[in-house]
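The chains referred to below are lettered A, B, ... by the order of the sequence lines, with proteins before strands, and numbering in each begins at 1.
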2 protein chains.
Amino acid sequence: MNDQSEQWRYHHGDLRAALLDAAERSVRAHGAAQLSLRDLAREVGVSHAAPRRHFADRQELLDALAEAGFTRLGESIRRAVEQTGEGFAARTRHAVSAFAHFATENPALLELMNSTKHQGAPSTARAAEAAFEPIVELIREGQTQNVLEAGEPEELGLILYATVNGITMLVSTNMVPAERLDELTDTAVRQFLRGAAGEAHSQAR
Amino acid sequence: MNDQSEQWRYHHGDLRAALLDAAERSVRAHGAAQLSLRDLAREVGVSHAAPRRHFADRQELLDALAEAGFTRLGESIRRAVEQTGEGFAARTRHAVSAFAHFATENPALLELMNSTKHQGAPSTARAAEAAFEPIVELIREGQTQNVLEAGEPEELGLILYATVNGITMLVSTNMVPAERLDELTDTAVRQFLRGAAGEAHSQAR
DNA sequence: ACCTGAACACCGTTCAAGT
DNA sequence: ACCTGAACACCGTTCAAGT
């Protein structure tokens, strides 16, 4: 009993966090499809029925994992925007780069986040919205500076988000080698800024 | 024995096709994660070990399904391009629309096609390449007409492909309502054509 | 060549019972 | 409140055996 104390302290009162931690490693290593609740329980040192107290079923755990993923993604994007002060184009490039590298460094997690299944999980949907927020704010900034055309900032934000997400998928599915990630996102951002340019800039050409 | 003859005729010598057919319906209805080989065997009227003759394991069947999906997607895009003769912008809009609607009408299939797992399946990768071909040809056409800037057509094609794929994912994950699909792809195409415009057009503005 | 039936080692989920 | 252990109804995969 004494030599198990470390394991006990780890999940005592925090089995939920311990399970999420083990689940994240499992998803990273083998993908969400291979994740086994019984495996996680074993790894954490608890009976196979214990997770039930914290997650009603397998999907609920996957939803929680996706939610955490969106939260981290949003933080990563927000950090990138805040730490860049050299003008709108550079801020956009850094935000996109943060997104793209987070996605390609966590391909299985992003597959889970992009999965159809967590449609019904409201907290996951909220986390996804929150991750998207810094991008909308960035677009708004570009519109204020008249670098981007006027209009609904959400629309432009969605297109930028979709483009970057799509590019990372090309890499994660091996349709494109990882070495081309930066080249593709740079071209995409450059064209986005041109295609959505405000009057002042598109006339200055 | 006689009243089973229809079922027999259906898969006799073509169990593979019968399984793929049932699998496609199952994926469409419940997603690839829920697909069960034993279920398919039951539905087709064969023992649970019979599929083994045609698919080494579950993943091989999913790979074949993804491959068929890419083939149909490519055909759909190619048809859209060929049936439109009213200039490059319209051809691009139609190709993108065909892609977007195929994707949102078959969300579970696209999730499978975008899955990390079929990385190792060469025939699936070839089918994905083939589906991408009509888009590259379209870009080449735009460059020839100097509507698009010169350069590697594959690069522009990948960005367009990624953007549309990403937009359909926003819809399939319910981040955006399906009613906004056309609005988003139209805006995306318009901005793509502006952002990747050749000299002749960008100066004419 | 193609399929069957039993067997193996797993699953997720449920639930009475323990502390 | 939180966890256990047995039980249930499934899986995918393997393999000897049948035709």
Side-chain angles (χ1 to χ4, degrees), chain A residues 1-2 4-23 25-27 29-66 108 112 115 117-118 120-121, chain B residues 1-2 4-23 25-27 29-66 108 112 115 117-118 120-121:
Chain A
M1 254 263 196
N2 263 340
Q4 290 185 355
S5 58
E6 266 206 353
Q7 211 173 34
W8 269 93
R9 239 185 292 128
Y10 181 45
H11 77 252
H12 187 64
D14 215 1
L15 176 54
R16 192 192 139 94
L19 287 168
L20 279 176
D21 211 72
R25 284 194 302 273
S26 174
V27 166
H30 311 109
Q34 302 295 324
L35 182 125
S36 149
L37 286 183
R38 286 175 107 112
D39 249 2
L40 297 183
R42 265 190 295 268
E43 194 165 335
V44 168
V46 94
S47 90
H48 67 262
R52 243 296 124 162
R53 294 285 132 195
H54 304 277
F55 303 99
D57 56 21
R58 209 186 93 111
Q59 188 57 48
E60 208 166 90
L61 191 150
L62 292 178
D63 290 345
L65 227 47
L112 178 62
S115 156
K117 280 317 197 57
H118 65 68
Chain B
M1 252 258 197
N2 264 340
Q4 291 186 356
S5 58
E6 266 206 354
Q7 209 172 36
W8 269 93
R9 239 185 291 127
Y10 182 44
H11 77 251
H12 186 64
D14 215 2
L15 176 56
R16 192 190 140 93
L19 287 169
L20 279 176
D21 212 71
R25 285 195 302 271
S26 173
V27 166
H30 312 108
Q34 302 295 324
L35 183 126
S36 150
L37 286 184
R38 285 175 107 111
D39 250 2
L40 297 183
R42 265 189 295 268
E43 194 164 335
V44 168
V46 94
S47 90
H48 66 261
R52 250 264 143 169
R53 294 284 132 196
H54 303 276
F55 303 100
D57 56 20
R58 209 186 93 111
Q59 188 57 48
E60 209 168 88
L61 191 149
L62 292 178
D63 290 345
L65 227 47
L112 178 62
S115 155
K117 279 319 197 53
H118 64 69

In whole angstroms, the gap separating P of D/dA9 from NE2 of B/His48 amounts to 18 Å

Nearest to the A/Arg38 side chain among C/dT13, D/dT4, D/dG12, which nucleotide is it? C/dT13

Is A/Arg16 near enough to D/dC3 that one of its side-chain N or O atoms lies under 4.0 angstrom from OP1 or OP2? no

Would you please enumerate the stems DNA chain D participates in, each stem being three or more consecutive Watson-Crick or G-U wobble pairs with both distances under 3.5 Å? C:4-8 with D:12-16, C:12-16 with D:4-8

What integer distance in Å separates A/Gln34:CD from D/dG12:P? 12 Å

For A/Ala66 and A/Leu112 the tightest heavy-atom approach is N-CD2, 4.0 Å

Rounded to whole Å, please give me the gap between CG in B/Asp14 and P in C/dC2. 11 Å

Give me the atom names and distance for the closest heavy-atom approach of B/Asp39 to B/Arg42. OD1-NH2, 3.0 Å

Euclidean distance, atom CZ of residue B/Phe55 to atom P of D/dC11 [Å, nearest integer]: 18 Å

With a cut-off of less than 4.0 Å, is there a side-chain N or O of B/Ser36 near OP1 or OP2 of D/dC10? no

Determine the contact category for A/Leu35: base if any of its heavy atoms lies under 4.0 Å from a base atom, sugar-phosphate if only primed atoms, P, OP1 or OP2 are that close, otherwise nothing. sugar-phosphate

Gap between atoms CD and P, on A/Glu43 and C/dC11 respectively (whole Å): 12 Å

Candidate nucleotides D/dC11, D/dC3, C/dC3, ranked by approach to the side chain of B/Val46 - the nearest: C/dC3

Can you tell me if the side-chain N/O atoms of B/Arg52 get under 4.0 Å from OP1 or OP2 in D/dT14? yes

Measure from the side chain of B/Asp57, starting at C-beta and using heavy atoms only, and say which of C/dC3, D/dT13, D/dT4 lies closest. D/dT13

Can you check the A/Arg58 CZ to D/dC11 P distance for me, whole Å? 15 Å

B/Pro51 and B/Val46 have their tightest heavy-atom pair at CD-CG1, 4.4 Å

Which atom of A/Ala18 lies closest to which atom of A/Val44, heavy atoms considered: O-CG2, 3.8 Å

Which atom names give the shortest non-hydrogen contact between B/Ala64 and B/Leu20, and what distance separates them? CB-CD2, 3.9 Å

Residue mapping more 5' on DNA chain D - nearest nucleotide basis, B/Asp39 or A/Arg53: A/Arg53

Atom CG of B/Leu37 and atom P of D/dT14: how far apart are they, to the nearest Å? 12 Å

Output the single nucleotide from C/dT13, C/dC15, D/dC3 whose closest atom is nearest the side chain of A/Ala49. C/dC15

Round to a whole Å and report the spacing from CZ of B/Arg42 to P of C/dT4. 13 Å

Between CG of A/Asp63 and CD of A/Glu60, what distance do you get to the nearest 0.5 Å? 7.0 Å

Looking only at non-hydrogen atoms, find the nearest pair between B/His48 and B/Ala41 and report the distance. CA-CB, 3.8 Å

